[in-house]
Amino acid sequence: MELRADRLERLGNYFSRLTDEGKIPGWSAMVSQHGETVYESSGGMANIAAGIPMTADSIFRTWSLSKPMTSVAFMRLVEEGLVGLNDPVADYLPAFRDQRVYRAGLPAAPITEGLVEPMRMWHLLTHTAGLGYGAHQSHAVDTLYVNDGYTVEPPAGTDLAEAVEKWASFPLRFQPGTAWNYGVSTDVLGRVIEVVSGKRLDTFMRESFFEPLGLKDSGFWVETRNKDRYAEIYTPTADGGIEHNPAASAYPTEAPLFLSGGGGIYTTVADYMKFLNMLANNGRIGNGSGADHYLSPLTVESIRSNHLPQNVTLGSGFGSWAVPAVNELMPAAGFGLGFMTVRSPQEAHLLTREGEYFWLSMSSANFFVDPAAGVCALVSPQLYPSRTLPITNRLRQFVYQAYC
């Protein structure tokens, strides 16, 4: 199946309408097939107050779109034999050796038990490790996180190694591998990368991920010279409009103390699509006979496969917390090595297909890859929170209806 560029114009028309109606500040979108850009559109503003337009080269915080990047970079270490998917996390991060698991009780006096199964690397990649995010406040363990200042990010002045030590001191929400819960697993994975590689996460990602893939505008901070390229984040108002969100828009201009592999990467739509094209091309960078492979095709196949026990979907009740922004897709999805992957599309009642894998961010940026057709698509509308509009679903509708 091939994509028709003329039918993809509906995607730009939709986001242009949202911009004109004042529901989003602007957008940038890109769709490719077999490594070639089929459609690209941008509109509206990256910074409304300054009158700076949104483009494919606007720099935005990826938030949770950092997770697929960090997970894929980790798989390079797996391919090099420096770490294994079944290796216990405690072999690299000893603080997890005596991990406890919550069973009952109030946060002030939780009743816990020891590990039945060690927390392993694949648990981190699939969010089945039992770790959480304090900001979710959906479990007694979340309260323990928040009481010590660990919400989405750790307290100011905390580096990655210190944060991981603290997370290991909290009980897990469940025994590793027995449920799914979205949390700090990818940040812990980032610390594993540091230990295994002997490099700070920002250095490793630059040398072993950004540079090999040609991601020239990606990193853990935004240099001052690029401040006019930065896309601010906006939040809906009660009257149906939007307003600037200064807290969500804040960004570092030099290497931050806490390097978040789970949410701290900044990039552009143009850069991120190079990453997605590599995945859609089964690990190959670029096109042509001389193209190199970043990952083996079999590694990419494993990444996009469902690694949940017994091949269950999150809709089976395996997920302990439903991510609000992807509720419609969760009944249809399992989880691979850093990505949600569609297993039973009929359960979603959306335009999707088996084998698609995807993720999304706090500011509504989201992507999907359809490996069967070599298609990938990404849109970044800079709207927080991500559940405000059906952006994730509409992206699929506009791309899948363009197949012919």
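Values below: every heavy atom of this structure, side chains too, minus hydrogens, waters and symmetry copies. What you see is a predicted model; the values in this text were computed from it and never measured.
Annotation: side chain of Pro176 is in contact with side chain of Leu115 (closest heavy-atom distance under 4.5 Å). Looking at Tyr234 and Ile48, their side chains come closer than 4.5 Å, going by heavy atoms from C-beta outward. Residues Lys227 and Tyr251 are in side-chain contact: their nearest non-hydrogen atoms beyond the backbone lie under 4.5 Å apart. Side-chain contact between Glu232 and Pro25 is absent, with no heavy atoms from C-beta onward closer than 4.5 Å.
Side-chain contact annotation: Thr55 with Asp57, donor-acceptor N/O pair under 3.5 Å absent. If you check the side chains of Thr268 and Asp217, you find no donor sitting under 3.5 Å from an acceptor. Defined by atom type and a distance below 3.5 Å, a donor-acceptor pair is present between the side-chain atoms of Ser260 and Asp187. Between the side chains of Ser42 and Glu40, no donor-acceptor pair is found at a separation under 3.5 Å. Side-chain polar atoms of Trp27 and Ser41 form a donor-acceptor pair below 3.5 angstrom.
Ring centers of Trp359 and Phe335: under 6.0 Å apart, within the cut-off. Taking the six-membered ring wherever Trp is involved, the centroid distance between the rings of Tyr400 and Phe368 falls below 6.0 Å.
In this structure, the separation between CD1 on Ile242 and OG1 on Thr235 is 9.0 Å, given to the nearest 0.5 Å. In this structure, Met205 CE and Ile193 CD1 are separated by 6.5 Å, a value rounded to the nearest 0.5 Å.
Taking the six-membered ring for Trp and thresholds of 30 and 60 degrees, Tyr150 and Trp167 have ring planes more than 60 degrees apart, a perpendicular arrangement. Aromatic ring orientation, Tyr133 versus Tyr182: perpendicular (interplanar angle above 60°, classes split at 30° and 60°).
Residue Glu21 qualifies as enclosed at atom CD: its count of foreign heavy atoms under 6.0 Å is above 12.
The cationic atom of Arg396 (NZ for Lys, CZ for Arg) lies less than 6.0 Å from the six-membered ring centre of Phe358 and within 45° of the ring axis.
Glu79 has no carboxylate O lying under 4.0 Å from a charged side-chain N of Arg76, or vice versa, which leaves the two without a salt bridge.
Listed for the Glu354 side chain is no donor-acceptor partner under 3.5 Å among the backbone atoms of Thr341.
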